[in-house]
Amino acid sequence: MTENQIDLTVYSELQETTGPDFVLELVDTFLEEAPGMLTDLRVARADDDAEKFRQAAHSLKSNANIFGAVALAAQARALELEGLDGDPARDEAALTELEATFASAAAALKALRND
């Protein structure tokens, strides 16, 4: 599962660059803050706030890229670039998919953290 959610080359390079202990801190911070970013996306969708939607998607994308969470970053990037859809149901579906991908990436990061 980890290999499908986290690019292990990126994760290993991060460990080499910053040190394993700092990576653990980064992972913990990401796991604490990412759910808020997902909430921000949902709130922005509900409020029809395109700028906040893009900002939250950008933040999630940037953070996911740090760890090599490629699928999560790609989905967040798509939301960032596309912005709010004229059909809120499409955004809701995309957000549900994003949340599922985050859950998988978070589980993979926790597994790496505990190795």
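By convention here, the first residue in the shown sequence is residue 1. Just so it is clear, the values below take in all heavy atoms, side chains as well, and ignore hydrogens, waters and symmetry mates.
Atom CG of Leu79 sits about 4.5 Å away from atom CZ of Phe53, to the nearest 0.5 Å. Note that CG of Asp7 is 11.5 Å distant from CG of Leu14, once rounded to the nearest 0.5 Å. The line from CD1 of Ile6 to OG of Ser12 is 11.5 Å long, rounded to the nearest 0.5 Å. Between the CD atom of Glu92 and the CZ atom of Arg90 there is a distance of 13.0 Å, given to the nearest 0.5 Å. For the atom pair Lys110 NZ and Asn114 CG, the distance stands at 9.5 Å (nearest 0.5 Å). Atoms CG and CD, on Leu98 and Gln75 in that order, are 5.5 Å from each other to the nearest 0.5 Å.
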Q: Kindly indicate, with the supporting measurements, whether the criterion side-chain contact (heavy atoms from CB on, under 4.5 Å) is fulfilled by Val23 and Arg113.
A: CA-CA 8 Å; Val23 171; Arg113 188 196 187 299; over 6 Å; no

Q: Would you please test Leu8 and Leu112 for side-chain contact (heavy atoms from CB on, under 4.5 Å) and show each step?
A: CA-CA 9 Å; Leu8 296 178; Leu112 286 169; 3.9 Å; yes

**Q.** side-chain contact (heavy atoms from CB on, under 4.5 Å) assessment of Leu72 paired with Gln5
**A.** CA-CA 8 Å; Leu72 181 63; Gln5 292 301 319; 5.8 Å; no

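A heavy-atom distance below 4.5 Å is found between the side chains of Tyr11 and Val27. Contact of the Val43 side chain with the Lys52 side chain is not registered, since no non-hydrogen atoms from C-beta on lie closer than 4.5 Å. Annotation: side chain of Arg42 is not in contact with side chain of Leu38 (no heavy-atom distance under 4.5 Å). The shortest side-chain heavy-atom distance between Ser62 and His58 falls under the 4.5 Å cut-off. Proximity of Asn65 to Val70: side-chain heavy atoms (C-beta onward) are nowhere separated by under 4.5 Å. Looking only at side-chain heavy atoms (C-beta outward), Leu41 and Asp91 stay at 4.5 Å or farther from each other. Side chains of Phe67 and Leu26 form a contact here, defined as non-hydrogen atoms less than 4.5 Å apart.
Minimum interatomic distance between Leu84 and Ala44 (heavy atoms only, all atoms of both residues): CD1-O, 4.4 Å. The shortest non-hydrogen separation linking Met37 to Ala56 is O-CB, 3.9 Å.
No donor-acceptor pair under 3.5 Å is formed between the side chain of Asp47 and the backbone N or O of Asp49. The backbone N or O of Asp85 lies less than 3.5 Å from a partner atom in the side chain of Arg45, making a donor-acceptor pair.
Glu80 has no carboxylate O lying under 4.0 Å from a charged side-chain N of Arg54, or vice versa, which leaves the two without a salt bridge.
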